[in-house]
Structure formats: structure tokens, C-alpha cells
J.: 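Encoded as C-alpha cells, here's the structure I'll be asking about.
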Amino acid sequence: MRPAASFRPPWWARAVLAAGGGLLVWLTFPDHGLHPLGVPGTALICLAMWGSRARGAFALGLLAGLAIFAPTLHWSGIYVGAFPWLALATVQALYVAVMGAVVAAVQRPLILRGREGLAALTFALAWVLQELVRGSVPFGGFPWARLAFGQADSPVARWAWVGGAPLVSLVMVLLGTALAAVVIRRSGTDLVALGAAAVLALAGLALPLPAMAGDDATPARVALVQGNVPAPGLDFNAERRKVLDNHVTGTETLAERGEQIDVVVWPENSSDIDPLRNADAAAQVQRALAAVDVPLVVGAILDEPAPEVSNASLLYAPGQDEPVSRYVKQHPVPFAEYVPYRDFFRLFSDKVDLVRVGFAKGEGPRSFEIQGAQAPFALVPTICFEVAYDGLMRDAVAHADATGTPSVLLVQTNNATFGYTAESTQQLAISRIRAIEHGRPVAHVSTVGVSAVIGPDGAVDQPTELFTPAQIVSTLGARSGLTPADRLGPWVEWLCGVGLLGLLLASRRRPGRPDRLEGQTITEAEIHDRA
């Protein structure tokens, strides 16, 4: 067996491994969708950091992070220029860099003591915790481009039912570290570990997804209207009345089809004219409501609470002039819907002044009760990037389930500001993971696409084209009950945190006897010096 510590590639080779691994991870996300590359991608990053000192691992992590996030988040600068895009990618890459330093600090002493298996595990646990921190701070975090969100078409995605996106990421990185261990040691035991990891990943296929939500599904006949905008870009709502009219016209077209429908849903920003204060906008909503004569969910911008505005989802019922229920976005996007520390960030880009009015935070989740033709069901609204936040989605599902009414998850979004990029399909992939995680179908509707309906197994039906008016009608199986991921909450992150702490303590434990490495006896002082 070749000793683990003898795997010592030169710095340039480590850099190639880190960059190459990052690029492979990028290719797992839509529009490429090459999900199997997540395994060799994480394996290469693990190999790049193997045995490095903290400073070197930090640099390698930064390089790997840039290779992941710069191409994946290219859509963020499509209309605002390169600086905001590269700044966002760099900030996200710094989390991977810090992860590298932490991995080195814990891993290197373990390697020097011959604990290669524990050393490899360090990388997997730290990866999950890196995603947790990145999706939490600052300003609520930015959990986009998590490893799990590139696995919607993978068998590993089914693990979301048990532990959500964190467990999907963990299984993928465990596969990567097992592969890295084979490269490092080339031993029979490591091949066994790789096989065991593969079996673990594929075991997700045995999960009983069709029956995972408990109760029998309630038919919910849901219609989605993708009205389109006059032109893509930051000025998508320059003709706000035109956007509203497009969704009214799409709803009237839907009514002409004569299909039985329980509820019609418009996307985020379908009415950027406040229908509660503008009589003309209110009349247009009533026109659409009269055409279909079923409840209508409208994505609207409300001029409240002054001086802020609200990004809201409004439920209208036939015969009612005012909404019967509303949901206000709980997690406004920093630098897009509000600007923290505006004067400071203006020093770097005057684009912050494009956000002239800040958005208020909603007070909590809501559940829209719909009296369906066959049985009552509920829509659980979330708006745009909120679908990427684990805790917010869990709270929404728990709130809906407490009512006892079977429910469908609703994601209302507006992708007009990202043009013909992969942002829309990346977001759809996140909704697919959420469908599996929470055991419910998802109605995913955008102003410009990609809109679609998603089954509780993550399967996509009737996806639309970008910047094309469309109407989708589908019977979704509304479900009640909670999945293991809903009930157990963030257990994967807690497990990884406790595990990494245990490895840290193990790496600092005083050895009871001299360790041997490459035929040499190493004293305790030498171990700490070399670590």
C-alpha cells in the first residue's frame, strides 16, 4: 500500500486539480446538467487540498470556488455589468476558501498520524457546513449553486426526502472523497469504501417517493399563466401596464379553452401597478377574474408599508373586489430588493441606486385555501429566490400541514432581469429538489419562463420556453403529511457540525505512542510542527 502522505503533488498540479474540480461542479448545474460530474469534481478539489497547510488550502479553495461560481452565476451580471457578477462570485468563493483552511487545520494532523479515512471525511463534513454558512450570512446568505441543486436528475436527489438538500450534497461529496481516497492510496480497502459510498448513493432509489406524503393525493386543477414582458432586462417593467395586460390576455385565452380549472396563478411582478390603490389595475384583475370565474393568485407590488413597498402574492375570489388572503415575501434579496449600507457599496458601483425603494419583509408563511371541484386544497406561496432557503421552505410546509388541508407548493418568480441565461433553469432545478424534499407537487410560474409543474418525485411536466406567452393546465396531487426531512429539520448540518468538531478534537489529541509515517518515527512535537 502506498502511504497516504506520499501524495504530494506540486503547487501547480494542486491548482489545476482545484480549478478543474470547480469547473466540473459548475457543469452539474443547468443548462449543462451533467450531474455525474459532481463526483469527480469534488474528488479533484479534495485531492487539491489533501495534506496542504491552511494558507495553501485557502488559496486552492478560492480558486475552486471561482471556477464554480464565476460561470454558474454569470447571469447576475448580464445587465448590470461585470463588477457585480465578479464581486458576487468572489464572495461566494471565499466561503470555499475558508472551508479549505478549516479542512487543512483539521485534516493535516490526521494525515500525519496515519488517520487517512478520518482526514478524508473532514472534507465532506466541511463542505456541507460551508454551504450552510454561505446560505445564512451575511444578510441572510445566498444559497444558490449548492451541490444538491445540480442533482435534480440524479438518483441521489431522492435523498432530499430524508435530509433535504444538505443530505444530497453530503452523499455527493462522500462519493467524491471515496474516489479521492482510491487515487491517494490505491488500496483494496479504499475500493471497498468507494463501493460502499456508491451503494449508499444508489440506495435512494429504494425510497418510497410515490407514497411519501402519507395521505392519498387530492386532485387540484391548477392553471399557470406566463404572460411575458415587452423586453428582457432591468427595464422589463418600464411598461408595467403592458405586463399586466399580457397576463389578463393570457387568462382570457385560458378561459376560451373551456377547461375545468380550480385556480389560476400569475407569477411574481405580474402587476407592478398596485391593484389595491390603482383603480385601473384593479379593474384589469377583476376582468381576468370574471373570465375564468375561479380564484386567481396575483403577484403584485404593493405601495406599503410606506416608505417601503411589498412583494406580495394576493389571492382573489370571484365576486370579491379585494384580496381574501395575501402573502408578503419574507426574504427580500439584498442589492436587488433593498440595499444594505448603500453609501458604502456606492463606492464600488453606482448600480446600487437602481434600487430606489426598499422592500419590506413579510411576517411569516401563509396558506391559500382553495375550494376545488373535487375537494378543498391549499396553495403554499413562496416568491422567487425564497425557494432556495431550507428553513423558510420547511416553515411554509409545516404551517400549511398544520391546517390539515392537502397542499401544493407554489413558486412565483420573475426571471426577466436575467435574459436568456441559465438562471431560470437553475431555479427550476431548485424547485424540483424541494418537491422531493417536501413530498408535494410544485407549481412553478414565471413572467417569462421557464414555468412548469413538478411532481413530488421531481419530474417536470409542460416546461415553457423563455420569453414566450404560455398557459399551463395540470391536475396536481395535493398532499398532506410531513416527510422525514420536514420532521427532522437540519439534522444533517447538526451531524456534520458535531462530526467536524469531533475530528478537530481527534486531530489535537496527544498521541499515546510515536506515529510512523513512511517508515519514520515522528514525535508529538514534530507532528504539531509539521501540521
Side-chain angles (χ1 to χ4, degrees), residues 209-225 251 254-255 257-267 285-286 288-300 312-328 362-383 387 393-412 431 434-435 437-445 453-457 461-462 471-483 486-487:
L209 295 189
M212 60 187 170
D215 299 340
D216 292 336
T218 298
R221 191 72 171 164
V222 179
L224 310 179
V225 176
T251 305
L254 189 66
R257 290 161 53 175
E259 297 186 63
Q260 186 270 317
I261 298 170
D262 291 329
V263 62
V264 177
V265 181
W266 291 359
V285 171
Q286 290 300 318
L289 195 60
V292 291
D293 196 32
V294 297
L296 171 66
V297 180
V298 176
S313 180
L314 307 176
L315 174 64
Y316 287 85
Q320 300 290 326
D321 293 334
E322 298 291 325
V324 296
S325 186
R326 74 171 69 179
Y327 167 74
V328 176
E363 295 180 354
R366 291 290 185 273
S367 181
F368 292 165
E369 299 289 333
I370 307 295
Q371 295 300 316
Q374 298 189 41
F377 64 92
L379 295 178
V380 184
T382 55
I383 298 177
V387 71
M393 294 298 297
R394 272 196 305 268
D395 291 345
V397 171
H399 175 85
D401 195 69
T403 67
T405 304
S407 59
V408 172
L409 300 181
L410 171 60
V411 178
Q412 295 169 279
S431 288
R434 296 306 183 199
E437 178 180 355
H438 302 294
R440 284 164 169 77
V442 176
H444 183 106
V445 59
V453 290
I454 304 168
D457 60 351
D461 185 36
Q462 304 183 58
Q471 302 88 40
I472 299 172
V473 179
S474 181
T475 301
L476 301 179
R479 294 179 179 271
S480 58
L482 298 175
T483 65
D486 292 324
R487 296 181 184 279

J.: Give the minimum heavy-atom separation between Tyr327 and Pro365, together with the two atoms involved.
T.: CE1-CA, 4.1 Å
J.: List the residues meeting side-chain contact (heavy atoms from CB on, under 4.5 Å) with Pro376, not counting sequence neighbours, and say none if there are none.
T.: Gln371
J.: CD1/Ile261 to CG/Leu254 distance, rounded to the nearest 0.5 angstrom?
T.: 3.5 Å
J.: Show the nearest heavy-atom pair for residues Ala378 and Ser367, with the distance to one decimal.
T.: CB-OG, 3.3 Å
J.: Within the structure provided, determine whether Pro295 and Phe368 are in side-chain contact (heavy-atom separation under 4.5 Å).
T.: no
J.: For Gln260, which residues count as a side-chain contact (heavy atoms from CB on, under 4.5 Å) partner, sequence neighbours excluded?
T.: Arg221, Asp262, Ala373
J.: Quick check: closest heavy atoms across Val442 and Ser431, and the distance to 0.1 Å?
T.: CG2-O, 3.8 Å
J.: Under the side chain to side chain donor-acceptor pair (under 3.5 Å) test, which residues partner Thr382, sequence neighbours left out?
T.: none
J.: Please lay out, stage by stage, how Leu379 and Val297 fare under the test side chain to side chain contact (heavy atoms under 4.5 Å, CB included).
T.: CA-CA 10 Å; Leu379 295 178; Val297 180; 4.0 Å; yes
J.: With rounding to the nearest 0.5 Å, note down the distance linking CD in Gln471 to CD in Glu259.
T.: 10.0 Å
J.: Please lay out, stage by stage, how Phe377 and Val263 fare under the test side chain to side chain contact (heavy atoms under 4.5 Å, CB included).
T.: CA-CA 10 Å; Phe377 64 92; Val263 62; 4.1 Å; yes
J.: With side chains defined as the heavy atoms from C-beta onward, is the minimum distance between Val225 and Val445 less than 4.5 Å?
T.: no
J.: Can you confirm whether Asp321 sits close enough to Gln286 that some side-chain heavy atom of one is under 4.5 Å from a side-chain heavy atom of the other?
T.: yes
J.: I need the Ile370 CD1 to Leu315 CG distance, nearest 0.5 Å.
T.: 5.0 Å
J.: Looking at Gln462 and Val473, would you say the former's side chain and the latter's main chain have a donor-acceptor pair under 3.5 Å?
T.: yes
J.: What pairs of donor and acceptor atoms, side-chain ones from residues 394-410 against any protein atom, are under 3.5 angstrom apart with sequence neighbours left out?
T.:
unit_1	atom_1	unit_2	atom_2	d
Asp401	OD1	Arg440	NH2	3.2
Asp401	OD1	Gly481	N	2.6
Thr403	OG1	Ala400	O	2.5
Thr403	OG1	Thr405	N	3.3
Thr405	OG1	Glu369	OE1	3.4
Ser407	OG	Arg440	NE	2.8

J.: Got a sec, which residues hit side chain to side chain donor-acceptor pair (under 3.5 Å) with Tyr316, two or more places apart in sequence or on another chain?
T.: none
J.: Quick one: pull up CG in Leu476 and OG1 in Thr218 and give me the separation to the nearest 0.5 Å.
T.: 12.0 Å
J.: Evaluate the criterion side chain to side chain contact (heavy atoms under 4.5 Å, CB included) for residue pair Val380 and His438; output intermediate values, then yes/no.
T.: CA-CA 12 Å; Val380 184; His438 302 294; over 6 Å; no
J.: Say whether, by atom type as modelled, one donor and one acceptor occur between the side chain of Gln412 and the main chain of Trp266 under 3.5 angstrom.
T.: yes
J.: Considering only heavy atoms from C-beta outward, does the side chain of Met393 approach that of Glu437 to under 4.5 Å?
T.: no
J.: Can you name the closest pair of heavy atoms from Ala255 and Val292 and give their distance?
T.: CB-CG1, 4.0 Å
J.: Excluding sequence neighbours, so at least two apart, what forms salt bridge (Lys or Arg N to Asp or Glu O under 4.0 Å) with Arg326?
T.: Glu304
